[in-house]
Amino acid sequence: MNQLWEDLRWRGLIYQVTEEDALVQLLEQPQSVYVGFDPTADSLHVGSLLGLMMLRRFQAAGHRPIVVLGGATGMIGDPSGKSEERNLLDPEVLEKNTAAMQEQMRRFLDFSSSPRGALLVNNYDWMKDFSFLSFLRDVGKHFPVNVMLAKDSVRSRLEKTDSGISYTEFSYMLLQAYDFVYLYDHYGCRIQLGGSDQWGNITAGIDLARRMRHVTLYGATWPLLVKADGGKMGKTESGTIWLSPHKTSPYLFYQYWYNVSDEDVGKCLRYLTELPREEIEALDEARREAPHLRDSQRRLAEWLTQLVHGPEGLAEAQRASRLLFGEEIAGVPEATVLEVFAHVPGSRIPRSRLGSLTLVEALVASGLANSRGEARRAIEQGGAYINNRRVTDIEKVIGPEDLLGSRCLVLRRGKKNYALVEFVNQETEDASCRDAPLPTAQS
RNA sequence: GGGGGGUUUCCCGAGUGGUCAAAGGGGCCAGACUGUAAAUCUGGUGGCUCAGCCUUCGAAGGUUCGAAUCCUUCACCCCCCA
């Protein structure tokens, strides 16, 4: 059997597949393979990892990956897996998102001009000039409505009596189906991959190609990556885990994977890394023997952080993690602390406030608490720390003796929420957030 | 075009004139326990100058000593009929 396919099978990445034997046969020769991505945000996030890794595996095996950004389909909204009608996106926003996502993909795929170099296309380019009438004649003609109604993605929406589905979203399937035909015409692409929620769209494309071009195309899906507790991978209380270091620091990214549960980590190692089978099985074994060592989680976090943020990003994340968990902060050189907390949310407060600033105010200013009431509660419950030492005095006023070095201190709320507070000289500078979204901020 | 149902605090969802900052569940936060896990237990979960005050129940008006609860208009959502 084909080596790539065998590996995918072992990893559990093949959920559904059309005509498996023929598809595997096809893979003996270099092929073009496509996966669609939604340009709904200005960064890729953990949810896109599986698709990117999938293309990466195919590229490593000598095939050409085609990334299809759904510029057009993104304007419509995919009903699959959505419980509600989706908001439409502006063309300008889409363009911006597309550019940002492509940049990030370079980490995963080789976009060189070699025969197996990855391609990035945007379905907006071939959809924008398609007239409504010709689309109905050429594409819509091939879609029996009764078949569409039977698709899970549509049916579930129709059964939910309080939501319904608009004609626009109903038509989404046609657009995506046409993508496949277009890619076959222009790039000879005969294979589409996607998450299991895309199965209906993929098969719709295969059907359409058979009717319009009389060819057989192939599709396969990977299982959706969900946590054992049913939650979505890549989401935390504080929001989505992004791949952009500006939206999710390498430290938080690393920590996310480090905290994956035992139940899920084996699956993550298989789905998301290229670690060889022997190593993954050895980790499974180690995890059974000594779960508290968290070898699997560490390996997972290391591998992914290195891929997404590079060796420097990984080193930074590890350094921060060591300091934040376990090590006493007092006594660590100020420069080290500043460096480590550089990517942790922080705030600057005028130096003159030393001696009058209360802990409650500091917690609010640093974003660790959303209101004074919340800050007060955290202190009352023993969840507030200065430089990793618990403070239970509600009236606590921060003074010079609390500073680590000459100008900063580390606030902490609960087990894992840290913020750096810096006392600066400019009187005019307001207490402001220096970095992107705060871990505790609800937006 | 006609008829019906709905819009409550992060979510679901009670609440039909005062005892409502609003039951219950979920989520989330904190603590204990731990392995930076899970489960479990405990407490918390609108804001503040915090034994008091202020702002919330789709929006705007109105009735009333007093409204999430009653009336009017508007907006949006869902269903049925044409």
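Chain identifiers are assigned alphabetically (A, B, ...) following the order of the sequence lines, protein sequences preceding nucleic acid strands; residue numbering begins at 1 within each chain.
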Exercise. Taking 4.0 angstrom as the limit, do A/Asp284 and A/Arg288 come out as a salt bridge?
Worked result: no
Exercise. Looking at the side chain of A/Lys415, which of B/A30, B/G35, B/G31 is the nearest nucleotide?
Worked result: B/G31
Exercise. Considering residues at least two apart in sequence or located in another chain, which fulfil the side chain to side chain donor-acceptor pair (under 3.5 Å) criterion with A/Arg211?
Worked result: none
Problem set entry | Residues in side chain to side chain contact (heavy atoms under 4.5 Å, CB included) contact with A/Ala100, at least two apart in sequence or another chain | none
Problem set entry | Same-atom distance (C1') from B/C20 to B/A68, integer angstrom | 9 Å
For this session: Check the distance between B/C29's C1' and A/Leu411's CG and give it to me in whole angstrom.
Result: 17 Å
Problem set entry | Cationic N near anionic O, under 4.0 Å, A/Glu302 to A/Arg299 | yes
Exercise. Of all the choices, B/A32, B/A30, B/A37, which nucleotide is nearest to the side chain of A/Arg390 once you look at every atom?
Worked result: B/A32
Problem set entry | B/U40: pairing nucleotide in any strand, Watson-Crick or G-U under 3.5 angstrom | B/A32
For this session: List the protein contact pattern of nucleotides 42-49 of chain B with one symbol per nucleotide (5' to 3'): B for base contact, S for sugar-phosphate-only contact, - for none; contact means a heavy-atom distance under 4.0 Å.
Result: -BSS-SSS
Problem set entry | Integer-rounded Å distance: B/A38 P and A/Arg288 CZ | 21 Å
Problem set entry | Integer angstrom distance from the P of B/C33 to that of B/G25 | 26 Å
Exercise. Which nucleotide, B/G31, B/A30, B/G35, lies nearest any side-chain atom of A/Arg413?
Worked result: B/A30
Problem set entry | Residues which pass side chain to side chain donor-acceptor pair (under 3.5 Å) with A/Thr358, listed by chain and number, not counting sequence neighbours | A/Glu361
Exercise. Can you tell me how far C1' of B/G35 sits from CZ of A/Arg287, to the nearest Å?
Worked result: 14 Å
For this session: With sequence neighbours left out, write down each residue that passes ring-ring contact (aromatic ring centres under 6.0 Å, His included) with A/Phe108, or none if nothing qualifies.
Result: none
For this session: Nearest-nucleotide wise, let me know which of A/Gly414 and A/Val260 is further upstream toward the 5' end of RNA chain B.
Result: A/Gly414
Do any side-chain atoms of residues 392-407 of chain A form donor-acceptor pairs under 3.5 angstrom with protein atoms, and if so which ones, sequence neighbours left out?
{"residue": "A/Asp393", "atom": "OD1", "partner": "A/Glu395", "partner atom": "N", "Å": "2.9"}
{"residue": "A/Lys396", "atom": "NZ", "partner": "A/Asp402", "partner atom": "OD1", "Å": "3.3"}
{"residue": "A/Lys396", "atom": "NZ", "partner": "A/Asp402", "partner atom": "OD2", "Å": "3.1"}
{"residue": "A/Asp402", "atom": "OD2", "partner": "A/Gly399", "partner atom": "N", "Å": "3.1"}
{"residue": "A/Ser406", "atom": "OG", "partner": "A/Glu334", "partner atom": "OE1", "Å": "3.3"}
{"residue": "A/Ser406", "atom": "OG", "partner": "A/Glu334", "partner atom": "OE2", "Å": "3.4"}
{"residue": "A/Arg407", "atom": "NH1", "partner": "A/Glu422", "partner atom": "OE2", "Å": "2.6"}

Exercise. Pairs in or reaching into residues 48-60 of chain A: which pass side chain to side chain donor-acceptor pair (under 3.5 Å), with residues at least two apart or in two chains?
Worked result: A/Arg56-A/Glu274
For this session: Tell me which residues in residues 294-307 of chain A put a heavy atom below 4.0 Å from RNA chain B, sorted by number, or none.
Result: A/Arg294, A/Gln297
For this session: List for me each residue that meets ring-ring contact (aromatic ring centres under 6.0 Å, His included) alongside A/Tyr385, sequence neighbours excluded, and say none if there are none.
Result: none
Problem set entry | side chain to side chain donor-acceptor pair (under 3.5 Å) involving A/Asp262 - partner list, sequence neighbours excluded | A/Gln297
Exercise. Nearest nucleotide by nearest heavy atom, which residue falls closer to the 5' end of RNA chain B, A/Tyr254 or A/Ala384?
Worked result: A/Ala384
Identify all pairs in which a protein N or O lies below 3.5 Å from an N or O of nucleotides 52-57 of chain B, and state each distance.
none

Exercise. Which ring-ring contact (aromatic ring centres under 6.0 Å, His included) pairs, counting each pair once, include a residue from residues 130-149 of chain A, with sequence neighbours left out?
Worked result: A/Phe130-A/Phe135, A/Phe130-A/Tyr178
Exercise. Could you state the CG-C1' distance from A/Asp262 to B/U34, rounded to the nearest angstrom?
Worked result: 12 Å
Exercise. Near A/Lys141 NZ, under 6.0 Å, is it more than 12 heavy atoms from other residues, nucleotides or ligands?
Worked result: no
For this session: Using both distances under 3.5 Å as the test, list the Watson-Crick or G-U wobble partner of B/G1, or none.
Result: B/C81
Exercise. Taking the side chain of A/Gln255 as its heavy atoms from C-beta onward, which of B/A37, B/U36, B/A32 lies nearest to it?
Worked result: B/U36
